[in-house]
J.: 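Can you read through this structure? Questions will come right after.
Computed from a predicted structure; not experimentally measured. Just so we're on the same page: letters track the sequence lines, and every chain starts at 1.
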Number of protein chains: 2
Amino acid sequence: MHACHQHEKMCVSLVPIFNHLETEQMAEIMKTAKSGTFKRGEIIYHAGDKSDSLYILNKGKIRIYRLSESGKEQLVRILHPGDFTGELALFKEETHESYAEAIAMTQICMINRTDLQELLLKYPSISIKILTEFSNRLEEAERQTTRFATEKAETRIAVFLAECLEDQGQFNMLELPMSKKDLASYLGTTPETISRKLADLQHKGYIRQISNKKIEVLDLDGMLLI
Amino acid sequence: MHACHQHEKMCVSLVPIFNHLETEQMAEIMKTAKSGTFKRGEIIYHAGDKSDSLYILNKGKIRIYRLSESGKEQLVRILHPGDFTGELALFKEETHESYAEAIAMTQICMINRTDLQELLLKYPSISIKILTEFSNRLEEAERQTTRFATEKAETRIAVFLAECLEDQGQFNMLELPMSKKDLASYLGTTPETISRKLADLQHKGYIRQISNKKIEVLDLDGMLLI
DNA sequence: TTAAAGAATTGATGACAGTCAAGATTTGGA
DNA sequence: TCCAAATCTTGACTGTCATCAATTCTTTAA
């Protein structure tokens, strides 16, 4: 862990919450940032750790997951370069509730809580960017909660496929962004159920499984009407 | 709907996101606020409405709910005086995804989107307050999602009772804050299951149902170990 | 106050999805 | 490239909970 140098210059400019600033202002932020690298499998923070940094993912992939009251794991999201985490606890003097695990060789920048709070007061437009990001996340989280509360596994899977398709914009082809084990954890079900429901969807003619991760959607509207 | 007068002065000062400001600054905010009243059953906004106000609840109760992809309703939260809503869409030019329904005679203050954005730039500390609020809500929403994804109905009910107890601080007695029908919708289950699981919890000696809404918790730790 | 509407309970039944197990396939590290 | 470990698939079985229906209890508005 050392002060940010040349290539970390990228890091701040990668992130939507900062990259609207003047180059000069980004430079000011970078002065306060630290960087770090993690190997596959290393934990960046644990639930219960006191949280005091914003982590910006520069390179690699990070898995964010939580444990429920009874100890079961749920995958919350996977971070890609330009995403950030650790943001929640920045605004309350508390601890992380989730775990962040590097799932590939990973490089991050860290901005300290107090430094960030000063930045926010100095550049109010950063706050508005973060508020926008939080709004989206909150909307997304509530939509997800409603989905779990009201839809059965098959529908959750179908909706997930539809969203993949939309994100990837590859007309009818999509690539699952994670293993089916992780997908099961993300969707609140089991790998067995994922396998079976995908087989069902294929059997009903809505999709075709090309390979382990590649799926062709044959009838999007039909699939979503399940 | 008219400009805010005397008693609405309360409204801004009720809300944690504003009440840390100087009296004079609150007065400035109030000048831009409008007020409105709604009767039981009236809808304050619909999913799909263009959203352009922050709504602060002054008096009464508001039910926030969503419809899932397949049309099933889920109760998201119930607002009490001092709570606010409509905040999400303030930071993105989009529409509401949820419904807000007055469930009692209700009085609200509304602050327009553009007015609010100006306030945020002028008083950065308001942003930090809202960010804190958003952080908490986001954490809460993710915790809730994980609960739905990993816990069975009985556990979700037990955890809900435990949280009621904690909020109400009435040593072993709690009062359900909503009808069992709404509670079922909130917890992603049915009224029948709520009835049955409460009966089970009582049968196992963890709780005692005093009346429709009143419950005595006899063994909190035992109940949470289910 | 009371009638009507809505909410809560209880029972019977079936659908959905979790678990366990065994075999096939894929993956990634040496 | 290849092997060991991990992931994925399929089958059989079981537990949980949703649904439907019939009553009872509670709330609300005239």
Side-chain angles (χ1 to χ4, degrees), chain A residues 39-42 60-61 63 68 70-75 101-105 147-158 160 175-204 207 209-215 226, chain B residues 39-42 61 63 68 70-75 101-105 147-158 175-204 207 209-215 226:
Chain A
K39 286 203 276 279
R40 176 186 171 82
E42 287 186 316
K61 270 192 188 179
R63 218 170 150 274
S68 70
S70 64
K72 270 165 267 174
E73 178 180 317
Q74 195 217 357
L75 178 61
E101 175 196 355
I103 53 176
M105 183 54 94
R147 231 169 249 165
F148 281 117
T150 61
E151 308 287 15
K152 52 188 186 180
E154 189 169 37
T155 309
R156 300 202 299 271
I157 294 170
F160 181 83
E175 181 139 1
L176 296 178
M178 57 184 104
S179 71
K180 288 180 187 167
K181 186 172 178 278
D182 278 346
L183 183 57
S185 167
Y186 181 70
L187 293 179
T189 181
T190 60
E192 291 95 325
T193 295
I194 299 275
S195 271
R196 280 189 254 265
K197 294 304 178 186
L198 286 177
D200 286 356
L201 289 173
Q202 172 157 337
H203 190 246
K204 292 178 194 162
I207 66 170
Q209 301 186 69
I210 311 285
S211 69
N212 198 344
K213 290 251 165 63
K214 274 206 179 100
I215 292 177
I226 293 172
Chain B
K39 285 203 277 281
R40 176 186 171 83
E42 287 187 315
K61 269 191 188 180
R63 219 170 149 273
S68 71
S70 64
K72 270 164 269 176
E73 179 180 317
Q74 196 218 357
L75 178 62
E101 176 196 355
I103 51 177
M105 182 55 94
R147 234 169 245 168
F148 282 118
T150 60
E151 308 288 15
K152 52 188 187 180
E154 189 169 37
T155 310
R156 299 202 300 273
I157 294 171
E175 182 138 2
L176 296 179
M178 58 185 106
S179 70
K180 288 179 188 169
K181 186 172 180 276
D182 278 346
L183 182 57
S185 167
Y186 181 71
L187 293 180
T189 182
T190 59
E192 292 94 325
T193 296
I194 300 276
S195 272
R196 280 189 253 265
K197 295 304 178 188
L198 286 178
D200 286 356
L201 289 173
Q202 172 158 336
H203 190 245
K204 292 179 195 160
I207 65 170
Q209 300 186 69
I210 311 286
S211 69
N212 199 343
K213 290 251 165 63
K214 273 209 181 95
I215 293 176
I226 293 174

J.: Given atom CD of B/Gln202 and atom P of C/dT10, what is their separation to the nearest angstrom?
T.: 9 Å
J.: Out of curiosity, B/Thr193 OG1 to B/Ile157 CD1, how far, rounded to the nearest 0.5 Å?
T.: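 B/Thr193 atom OG1 to B/Ile157 atom CD1 measures 7.0 Å (nearest 0.5 Å).
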J.: Could you state the interatomic distance from CD (B/Glu151) to OG (A/Ser70), rounded to the nearest 0.5 Å?
T.: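 Rounded to the nearest 0.5 Å, the CD-OG separation comes out at 3.5 Å.
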J.: To the nearest angstrom, how far is B/Asp200 atom CG from C/dA8 atom C1'?
T.: 16 Å
J.: Measure CD1/A/Ile157 against C1'/D/dT9 and give the value in whole Å, please.
T.: 14 Å
J.: Please compare A/Ala153 and B/Ile194 by the position of their nearest nucleotide in DNA chain C and report the one closer to 5'.
T.: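 The residue whose closest nucleotide sits nearer the 5' end is B/Ile194.
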J.: Without decimals, in angstroms, what is the distance between B/Gln209 CD and C/dT10 C1'?
T.: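 Going from CD in B/Gln209 over to C1' in C/dT10 covers 13 Å.
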J.: Grab the NZ-P distance between B/Lys181 and D/dT28 for me, whole Å please.
T.: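 So the NZ-P distance, B/Lys181 to D/dT28, works out to 13 Å.
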J.: Report yes if at least one side-chain N or O of A/Ser195 is closer than 4.0 Å to OP1 or OP2 of D/dC8; otherwise report no.
T.: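 For A/Ser195, the contact criterion (side-chain N or O under 4.0 Å from OP1 or OP2 of D/dC8) is not met.
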J.: Rounded to the Å, how far apart are A/Asn212 CG and C/dA24 C1'?
T.: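 Value for this atom pair: 12 Å.
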J.: Write down the distance between CZ (B/Arg196) and C1' (D/dT19), rounded to a whole number of angstrom.
T.: 9 Å
J.: Would A/Glu154 and A/Lys204 pass as an ion pair if we require N to O under 4.0 Å?
T.: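 Salt bridge present between A/Glu154 and A/Lys204.
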J.: C/dG18 phosphate, OP1 or OP2: any side-chain N/O from A/Thr193 under 4.0 angstrom?
T.: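 Looking at the OP1 and OP2 atoms of C/dG18, one of them is under 4.0 Å from a side-chain N or O of A/Thr193.
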J.: Would you mind checking if B/Glu73 and B/Arg63 are paired as a salt bridge, meaning a charged N to carboxylate O distance below 4.0 Å?
T.: yes
J.: Taking only side-chain N and O atoms of A/Thr189, does any of them lie within less than 4.0 angstrom of OP1 or OP2 on C/dG18?
T.: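 Indeed, a polar side-chain atom of A/Thr189 lies that close.
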J.: Between B/Ile194 and B/Lys181, does the side-chain contact (heavy atoms from CB on, under 4.5 Å) criterion hold? Intermediate values first, please.
T.: CA-CA 9 Å; B/Ile194 300 276; B/Lys181 186 172 180 276; over 6 Å; no
J.: Heavy atoms under 4.0 Å, any strand shown: does B/Gly41 hit a base, just sugar-phosphate, or nothing?
T.: nothing
J.: Report yes if at least one side-chain N or O of B/Lys152 is closer than 4.0 Å to OP1 or OP2 of D/dT16; otherwise report no.
T.: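 Result: yes.
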J.: Over all strands shown, is B/Lys72 touching base, sugar-phosphate only, or nothing at heavy-atom distances under 4.0 angstrom?
T.: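 Contact class for B/Lys72: none.
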J.: Of the candidate nucleotides D/dT28, D/dT10, D/dT9, which contains the atom at the shortest distance from the side chain of A/Ala199?
T.: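 From the listed options, D/dT10 comes nearest.
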J.: For B/Lys213 and for B/Glu151, find the nucleotide of DNA chain D with the closest heavy atom, then tell me which residue's nucleotide is more 5'.
T.: B/Glu151
J.: Please report the distance, rounded to the nearest Å, between NZ in A/Lys197 and P in D/dC8.
T.: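 One finds 18 Å between P of D/dC8 and NZ of A/Lys197, rounded.
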J.: A/Glu192 has a side chain; which of C/dA7, D/dT7, D/dT10 sits nearest to it?
T.: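 Of the candidates, D/dT10 comes closest.
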